[in-house]
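Worksheet: one structure, shown below.
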2 protein chains.
Amino acid sequence: MQFKRGFMMKVNDLNMKEIAKLAGVSTATVSRVLNHSGKVKESTRKKIEELIEQTGYRPNVLARELAEKKTNLIGLIVHAMTGEGIPKAVNGLNEQLSENGYSLLIAGSNGIFENEMKQIELFRQKRVEGMVFATRQFTEEHEKIMKKLPFPVVILMQDTDSAGISNAGFDNFQLAKEAASSLLSLGHRRFAYIGGPESSDSAVLRENGVKAALKEYGVYLRPALQKRGSYHIGDGYTLMKQILNEQEKPTAVLAGNDGMAVGAVNCLLQHGYRVPEDVSVMGLDDTDLAQASIIPLSGVQYSYTALGREAANMMIQGIEAGELLYEKRILPHNICIRQSVSSI
Amino acid sequence: MQFKRGFMMKVNDLNMKEIAKLAGVSTATVSRVLNHSGKVKESTRKKIEELIEQTGYRPNVLARELAEKKTNLIGLIVHAMTGEGIPKAVNGLNEQLSENGYSLLIAGSNGIFENEMKQIELFRQKRVEGMVFATRQFTEEHEKIMKKLPFPVVILMQDTDSAGISNAGFDNFQLAKEAASSLLSLGHRRFAYIGGPESSDSAVLRENGVKAALKEYGVYLRPALQKRGSYHIGDGYTLMKQILNEQEKPTAVLAGNDGMAVGAVNCLLQHGYRVPEDVSVMGLDDTDLAQASIIPLSGVQYSYTALGREAANMMIQGIEAGELLYEKRILPHNICIRQSVSSI
DNA sequence: TTGTACGCGTTATCAG
DNA sequence: CTGATAACGCGTACAA
């Protein structure tokens with residue numbers, strides 16, 4: 001019974017054979033007009049096309065893919081569609097892939113390793129042609145597994161120096177260093193940093209970047225003025241408050257992301273400090289949140305959409321070349337100073 | 001040449017036949033142990049399982065789907081992965097679908113009708129088993145087309161009363177009405193509303209809800225105190241400023257979304273008004289942005305993740321029942337009063 | 001220009 | 001329990 005499922009009955013389950021019969025030709029000819037391959041007499045082409053039009057016949061992509069051994073499918077594993085970055089990257093990725101005839105199969109892992117493995121297994125069975133991996137942790141275990149995959153893999157927003165795996169991302173070390181430098185160059189010396197969690201690779205890189213800048217300027221980052229949060233607005237607020245309890249207040253605060261920067265600004269304002277007159281505040285990205293700040297926030301601009309696009313390009317290139325060369329593509333960033341920052 | 005593409009060469013291109021040959025059985029038997037269908041002697045099952053394990057063989061899902069006439073694929077069309085709602089809904093949708101053995105194929109349309117049609121065509125060819133449609137406009141044209149589709153369709157975050165198409169969403173009219181009522185019940189009578197664009201169905205419903213509440217309280221919404229923006233933070237700011245230029249200032253401002261509410265708060269504070277002492281402000285959702293406000297923002301809570309889950313359930317139910325009954329599922333909301341609102 | 005016939009990798013039916 | 005063998009719907013040499 002192929003009609004068990006109601007909707008099946010509504011499907012125009014015509015196949016090439018039936019179209020061929022109606023047209024009085026063979027399936028080969030129908031296939032030819034469908035794929036614009038080979039020569040077909042104008043009149044028969046017309047006839048077949050009309051028939052297709054009338055009957056609403058559409059080729060079964062599954063069968064085609066099976067025959068062609070090509071699925072045009074790219075798998076994407078994400079922690080989840082949270083934050084502003086991932087969704088935007090997905091937009092770019094999807095647009096670029098779609099324009100090149102690929103479809104995106106998305107899978108959320110919630111950051112759980114077994115889920116990731118399960119999804120990868122599914123991808124293998126579905127014969128995806130490539131995979132984009134955009135989660136928060138990329139361990140050696142991951143690396144080992146990915147390198148054995150029978151299709152190209154592109155890691156998003158994570159650094160890997162492993163040969164055989166490509167990655168696209170931002171230069172977290174450098175952008176953090178530049179941001180810190182921009183504050184230092186304005187004369188700030190009493191410097192506070194509210195960074196992201198140690199468990200995040202990018203947060204560690206950003207922290208190192210900040211420290212590198214401070215070192216260049218010969219500025220000592222007092223441990224009491226260095227905090228770590230989980231990128232939430234509330235963390236920025238709480239950690240800023242802790243910092244304000246210190247003897248020596250900072251004149252500049254750099255936060256690991258916009259959210260914590262906004263939290264810091266709110267905390268400062270509510271405790272009677274002026275921004276930027278008393279304290280300059282800067283974040284390390286430039287999301288919509290930055291616009292929510294009552295004081296136009298300084299930060300670092302970079303495009304997640306472009307990142308997604310870039311990853312798609314690497315992917316397509318890898319698929320078409322038959323192998324993905326080891327590549328590390330860094331997307332540009334741009335320091336953006338607004339009202340929340342002033343010279344001392 | 002099936003080895004044109006490099007990665008193909010790495011694929012474990014074993015098929016059932018080869019496994020069968022290695023095990024000295026027929027493909028039918030291999031298929032049986034793979035699908036736990038039918039009885040297989042323990043010893044041969046063991047042997048086959050070991051062989052599968054050793055060779056790393058994995059069934060070709062494409063071939064299986066072709067034979068079974070079941071793709072386990074659900075298509076999703078979104079404008080784009082923007083805002084906070086869609087990505088969260090996608091999370092819920094994906095989780096629930098994935099737990100039930102379905103995969104999500106996503107497609108962005110950028111809100112362009114032709115793109116939507118193109119994606120629908122692709123879905124049909126890929127023989128998806130259902131489609132979720134989550135864009136900003138749902139016209140009669142859409143409705144007409146969707147009703148003819150050979151698979152169930154669930155509309156997300158849009159109202160349709162069309163039989164044959166299900167939809168899941170929030171009660172925009174009611175939640176706006178309740179939010180407005182909560183302000184009115186606190187004694188506010190000089191009332192301003194900064195709504196969303198007329199082109200958005202939900203914005204229109206919210207506006208109507210607000211007006212219904214006002215009517216109940218016999219309060220007249222002065223045209224000068226009613227504005228429409230595009231849901232951006234900046235719109236809230238600009239429109240609030242316009243309102244402040246009016247003769248009679250409002251004591252309460254309701255915004256169509258959090259973003260505009262935050263913009264309004266910022267504008268008020270920067271122009272010397274106190275929130276909520278001088279003006280109460282409230283939004284109509286409760287996203288992360290609300291936390292960014294320096295004054296804890298009041299709003300309306302509802303879960304996009306739950307919405308996605310619900311849509312997935314409707315979908316699965318529809319697929320399994322063979323037909324999707326006309327259903328309209330409204331998810332709960334909750335008025336949430338915080339510091340930004342006070343009685344007059 | 002067109003048709004024949006086989007392959008793609010599974011599932012499922014029906015005998016043994 | 002197990003094995004042929006026919007679908008599933010399409011692409012494509014190879015012939016005609």
Side-chain angles (χ1 to χ4, degrees), chain A residues 1-5 8 11-49 52 55-72 124-127 129 150, chain B residues 1-5 8 11-49 52 55-72 124-127 129 150:
Chain A
M1 285 302 248
Q2 63 221 43
F3 294 140
K4 255 182 308 189
R5 296 161 56 256
M8 273 296 183
V11 173
N12 253 322
D13 255 351
L14 290 170
N15 44 6
M16 264 182 46
K17 205 189 288 180
E18 313 194 53
I19 296 292
K21 192 188 293 173
L22 286 173
V25 298
S26 74
T27 61
T29 305
V30 177
S31 177
R32 284 186 192 106
V33 344
L34 238 36
N35 301 311
H36 308 284
S37 67
K39 292 294 166 201
V40 179
K41 198 183 0 172
E42 194 52 30
S43 63
T44 64
R45 142 162 292 131
K46 268 270 166 61
K47 185 196 277 180
I48 293 176
E49 280 173 346
I52 290 176
T55 58
Y57 161 78
R58 8 180 91 69
N60 184 321
V61 172
L62 248 63
R64 172 182 303 179
E65 290 172 346
L66 181 59
E68 285 185 334
K69 280 172 159 289
K70 177 135 176 50
T71 61
N72 299 310
R124 296 190 69 156
Q125 296 189 176
K126 280 202 177 266
R127 303 298 194 265
E129 300 191 29
Chain B
M1 283 303 248
Q2 64 221 43
F3 292 139
K4 257 182 305 187
R5 294 160 58 254
M8 274 295 183
V11 174
N12 254 322
D13 255 350
L14 291 169
N15 45 8
M16 265 183 45
K17 205 188 287 181
E18 311 193 52
I19 296 291
K21 191 187 295 173
L22 286 172
V25 298
S26 74
T27 61
T29 306
V30 176
S31 178
R32 284 188 191 103
V33 346
L34 238 37
N35 301 311
H36 308 284
S37 66
K39 291 295 164 201
V40 179
K41 196 181 6 169
E42 193 52 31
S43 63
T44 64
R45 143 163 291 132
K46 267 271 168 59
K47 185 197 276 181
I48 293 175
E49 280 172 346
I52 290 175
T55 58
Y57 161 78
R58 11 180 89 70
N60 185 321
V61 172
L62 249 62
R64 176 187 315 209
E65 290 172 345
L66 179 60
E68 285 185 336
K69 281 172 159 289
K70 177 136 177 48
T71 61
N72 299 309
R124 297 191 69 156
Q125 296 189 176
K126 281 200 175 269
R127 304 298 194 262
E129 300 192 28

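Just so it is clear, the structure is predicted and the values come from calculations on it, not from any experiment. Order of the sequence lines fixes the chain letters, A, B, ..., with proteins taken first and strands second; residue numbering starts at 1 for each chain. Heavy atoms only: backbone and side chains are in, while hydrogens, waters and symmetry mates are out.
Counting any heavy atom pair closer than 4.0 Å across all strands shown, B/Lys41 reaches sugar-phosphate atoms only and no base atom. Among the heavy atoms of the strands lying under 4.0 Å from A/Met16 are primed sugar atoms or P, OP1, OP2 only; no base atom is included. A/Val30 comes within contact range of no nucleotide atom at all, as no heavy-atom separation falls under 4.0 Å. Heavy atoms of A/Val61 sit nowhere under 4.0 angstrom from any nucleic acid atom. A/Ser31 comes within 4.0 angstrom of a nucleotide base, judged by non-hydrogen atoms across all strands. The residue B/Thr44 sits close only to the backbone: its heavy atoms come under 4.0 Å of sugar-phosphate atoms, none of a base.
Put simply, B/Lys69 has no side-chain N or O that comes within less than 4.0 Å of OP1 or OP2 on D/dA7. Residue B/Asn60 places no side-chain N or O under 4.0 Å from the OP1 or OP2 atom of C/dG9. For B/Thr29, a side-chain nitrogen or oxygen approaches OP1 or OP2 of D/dG3 to under 4.0 Å. Using a 4.0 Å cut-off, no side-chain N or O of B/Thr27 falls inside it from OP1 or OP2 of C/dT10.
Atom NZ of B/Lys126 and atom P of D/dC10 are 14 Å apart (whole Å).
Side-chain atoms of B/Glu129 do not come within 3.5 Å of backbone N or O of B/Lys70 as any donor-acceptor pair. The backbone N or O of B/Met16 sits nowhere less than 3.5 Å from a side-chain atom of B/Thr27 that would complete a donor-acceptor pair.
Considering OG1 of B/Thr29 and CD1 of B/Ile19, their distance stands at 13.0 Å, rounded to 0.5 Å.
Residue-to-nucleotide contacts include no donor-acceptor pair under 3.5 Å from the side chain of A/Arg127 to the base of C/dG9.
Smallest separation of non-hydrogen atoms from A/Asn15 and A/Glu18: OD1-CG, 2.6 Å.
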